[in-house]
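The block underneath contains the structure these notes are about, expressed in structure tokens.
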Amino acid sequence: MKTSKKLSFPKLENEYLENILRQLVNQHTIIQIFFTRQTSFVFSYLIIHIEKNIDAQELQQNKWVKKVKKRYQIDVYFIYSERLHYRFSLGHPFIEFYCQPSAIIYQNKELENPLIIRRDWKKYKKRFNVFEDHFHHDHDLHLSQVQNLISEGSSNSVFTSYSRLIEYDLEYLEELYSGNRSALLTLDERINNLIEYIPDIQKYFVRNSHSKYYLIDLFVKAKEASINDDEAIYKNEMYEAVGIAEQSLYRLIKERFDQLKKLIKKGLFERHDFVCQIEDKPKDIILGIAIETILNSVEVEQIYLYHQVTDHEKTTYYLMLIAMGASNEKLKLITQSLKSKIGEKYDFVLLSHSRYWIQTSLYQHQSFFSRIIQGKYLTYSSNEYLPEFHWEVPHNPYHADLHFYYKPTKDIALQFFTIVNDTKENYQGLDSLFTLFFMSFCRTYIFIKTYYLSNYLSNQTLWQLCIYADPDIRKYNYLIEQFWTDFFPYLDRHMMLHHKLSKLNKDEVDQMNVIVEKLMSELHNLVIEGRLLLPFEQD
């Protein structure tokens, strides 16, 4: 065998990689090396044709392989001779394109069985069509099985079959983008690996952690239930969401087939420029300041301006953040910061939830979030590859556990009235009770109107959400405006214990009493007169 000292690989334009290849050629039975530079794609490809499978597996695990991929965007793939020739015989489009004679940068003429592709597109076309048709045929069989199971109403079997179909799709995406499949990895790991090649795939799977996905977790639970002969998981509403994710993978496969077909036919690359459809800076100056302040305070994926109202020369912006770590206290600090920057003519109602929390809460809150999370309201997005939600279809909104929110609110009101009507005029703790009632009322009212149970937000934010839920509630604004002191700061002060004697007088208590009476009457009409609770739940 010839020594590697005289070898050079100028096409690589990478001295570090050249040195490694010289060592490989000297120490292992390397038959060929193919290199295809792709300036308009994520990775360039270095395919190393080696004699034995055991050498290919061992070399693929070398640390420098990952280093070259991360640092230089060169994907290195070791493939042993028998597999290379077999895939070539099948008409594998990845091999057909990336192992063309023009891509050869090294060939050991002393070794037998090199791969030399001499056929043109006309000769290869039939094999390409057979290869692609085989994918579609088996895909349709998988899909037909899923549809039959859906009609039978067996949810566990539906999800396990969908799992096999998505696994099948991922195998083809791996084959078409990397030339190899990762059969020993979990579906979560395979999706994460494919993101490097296809950033778009992030759009189709909501994460439940840094490296795991909501739908894949659903598949795992269905499989465990089937193995243990447990009850069905009954997530029929997710069938369409899973179907949308699978169809998205199917579309990516078809696009990759078309892409490779064009590359093989023409032998050149096509440039695909991404056109961002979201303006980096909103035209509204106030909104721009708000977004900049939010981004400097918390890690945000998306911001939606879902409502805006001007009342008495004051404009209120309703913003929903999809973010991590944006606690109620953090939202309060952001709101205070905005007021100090912009002044009192503008107000902000900030909501924030993580993408995973929203996804797992859709069974209860989808009606609320689906009205907000729309393209027309999207004001900021951290990148173009954020996943869309797996919406439940059909979704039948219902007031789950309304009894547990209405009854405490009613009981607090009754307790409030008992203290108010005490002839001794002992109002100790009444201010905290009044605050507790107001918060309970707002959260219950919002839930009834929108199917959204808010966090324990500031009292002003809760009231503003009540107005968003039904503007008619503003008819009670006059009571808030006529309150003997600033209403919302008063409530905020009494959200925690103050161990001191009450200084409330009868006139002040009467004002509080009117508010509780009227708001409780409003809630009674909604819940009891509206028959949202069963008779036994009303007690």
Side-chain angles (χ1 to χ4, degrees), residues 11 32-49 69 73-79 83-105 115-140 142 165-183 190-191 193-204 246-274 385:
K11 191 174 180 180
Q32 291 169 297
I33 301 177
F34 304 88
F35 178 69
T36 306
R37 184 177 300 283
Q38 296 194 229
T39 55
S40 299
F41 291 77
V42 179
F43 294 110
S44 297
Y45 288 87
L46 184 70
I47 299 174
I48 301 177
H49 178 194
K69 187 175 185 179
Q73 288 73 53
I74 297 176
D75 193 8
V76 180
Y77 174 34
F78 287 90
I79 183 168
R83 173 174 286 186
L84 179 64
H85 284 280
Y86 175 67
R87 294 190 173 187
F88 171 70
S89 69
L90 294 177
H92 199 304
F94 181 90
I95 300 300
E96 189 73 22
F97 180 71
Y98 292 106
C99 294
Q100 286 287 325
S102 59
I104 297 174
I105 61 172
L115 178 66
I116 304 297
I117 300 177
R118 295 186 174 91
R119 59 194 180 195
D120 58 14
W121 168 252
K122 289 183 179 179
K123 292 181 180 179
Y124 170 66
K125 180 180 178 180
K126 184 176 180 180
R127 289 188 181 276
F128 177 88
N129 290 337
V130 170
F131 189 93
E132 185 177 19
D133 289 344
H134 177 76
F135 160 72
H136 290 296
H137 176 265
D138 287 0
H139 176 275
D140 291 345
H142 278 293
L165 177 53
I166 285 183
E167 182 178 8
Y168 178 77
D169 290 340
L170 294 177
E171 284 181 356
Y172 264 86
L173 283 172
E174 289 170 341
E175 289 276 6
L176 295 174
Y177 275 95
S178 69
N180 196 17
R181 63 182 61 177
S182 308
R190 298 173 86 164
I191 292 170
N193 289 344
L194 280 167
I195 289 172
E196 294 183 303
Y197 302 92
I198 324 163
D200 268 11
I201 205 170
Q202 297 173 90
K203 298 178 180 178
Y204 313 130
E246 192 283 320
Q247 282 297 304
S248 298
L249 294 182
Y250 181 67
R251 177 181 55 77
L252 290 176
I253 295 168
K254 291 199 297 182
E255 288 177 356
R256 181 59 171 167
F257 268 120
D258 291 342
Q259 186 183 68
L260 286 171
K261 182 178 179 179
K262 291 176 181 177
L263 293 175
I264 294 167
K265 286 177 70 175
K266 298 180 180 180
L268 44 87
F269 301 98
E270 297 177 353
R271 182 173 180 81
H272 299 281
D273 292 322
F274 172 74
Y385 300 118

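Side-chain contact annotation: Arg256 with Tyr197, donor-acceptor N/O pair under 3.5 Å absent.
Below 30°, between 30° and 60°, or above 60°: for His49 and His85 the angle between ring planes is above 60°, a perpendicular geometry. Between His139 and Tyr168, the ring-plane angle classifies as tilted under the 30° and 60° cut-offs.
Counting only distance, with no hydrogens or angles, the side chain of Glu132 and the backbone of Asn129 share no donor-acceptor pair below 3.5 Å.
A centroid separation of less than 6.0 Å is found between the aromatic rings of His136 and Tyr250.
Between Leu84 atom CG and Ile48 atom CD1 the span is 12.5 Å, to the nearest 0.5 Å. To the nearest 0.5 Å, the span separating CD on Glu96 from CG on Leu115 amounts to 8.5 Å. To the nearest 0.5 angstrom, Leu260 atom CG is 12.0 Å from Glu255 atom CD. Atoms CD1 and CZ, on Ile253 and Phe135 in that order, are 3.5 Å from each other to the nearest 0.5 Å. Taken from NZ in Lys266 to CH2 in Trp121, the straight-line distance is 12.0 Å, to the nearest 0.5 Å. One finds the CZ atom of Phe35 at 11.0 Å from the CD1 atom of Ile47 (value rounded to the nearest 0.5 Å).
The two residues Leu90 and Phe131 have their closest heavy-atom pair at O-CD1, 3.6 Å. The heavy-atom pair separating Arg37 from Ser44 by the smallest distance is CA-OG, 3.4 Å. A pairwise comparison of heavy atoms in Tyr124 and Pro93 identifies OH-CA, 3.2 Å as the closest pair. Shown here for Ile117 and Cys99, the closest heavy-atom pair between the two residues is CD1-O, 3.4 Å. Nearest heavy atom pair, residue Phe43 against residue Glu196, reads CE1-O, 3.4 Å. Nearest heavy-atom pair across Val42 and Gln73 is O-CB, 3.6 Å.
Tyr177 does not carry Arg190 over the face of its six-membered ring by the limits of under 6.0 Å from the centre and within 45° of the normal. At least one test fails for Arg87 against the ring of Phe94: distance under 6.0 Å to the centre or angle within 45° of the axis.
No side-chain heavy atom of Ile166 sits less than 4.5 Å from a side-chain heavy atom of Ile191. You'll find the side chain of Leu252 stays beyond 4.5 Å of the side chain of Leu194, heavy atoms only. Using a 4.5 Å heavy-atom cutoff, the side chains of Lys123 and Arg118 are not in contact. At least one side-chain heavy atom of Arg119 sits under 4.5 Å from a side-chain heavy atom of Arg127. Side-chain contact check for His92 versus Tyr86: every heavy-atom pair is 4.5 Å or farther apart. Using a 4.5 Å cut-off on side-chain heavy atoms (C-beta onward), Gln259 and Phe97 make no contact. Between Asn180 and Arg83, the closest side-chain pair of non-hydrogen atoms falls below 4.5 Å.
Applying the salt bridge (charged side-chain N to carboxylate O under 4.0 Å, His left out) rule to Arg181 yields the partners Glu171, Glu175; only residues at least two apart in sequence or on another chain are considered. Applying the side chain to side chain donor-acceptor pair (under 3.5 Å) criterion to Glu167, with sequence neighbours excluded, gives no partner residue.
Heavy-atom neighbours of Lys69 NZ from other residues, nucleotides or ligands within 6.0 Å: above the threshold of 12.
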Worked check of side-chain contact (heavy atoms from CB on, under 4.5 Å) between Tyr385 and Ile198: CA-CA 10 Å; Tyr385 300 118; Ile198 324 163; over 6 Å; no
Test side-chain contact (heavy atoms from CB on, under 4.5 Å) on Leu46 and Tyr77; report intermediate values, then the result. CA-CA 6 Å; Leu46 184 70; Tyr77 174 34; over 6 Å; no
Would you check, one step at a time, whether the test side-chain contact (heavy atoms from CB on, under 4.5 Å) holds for Leu249 with Leu165? CA-CA 10 Å; Leu249 294 182; Leu165 177 53; over 6 Å; no
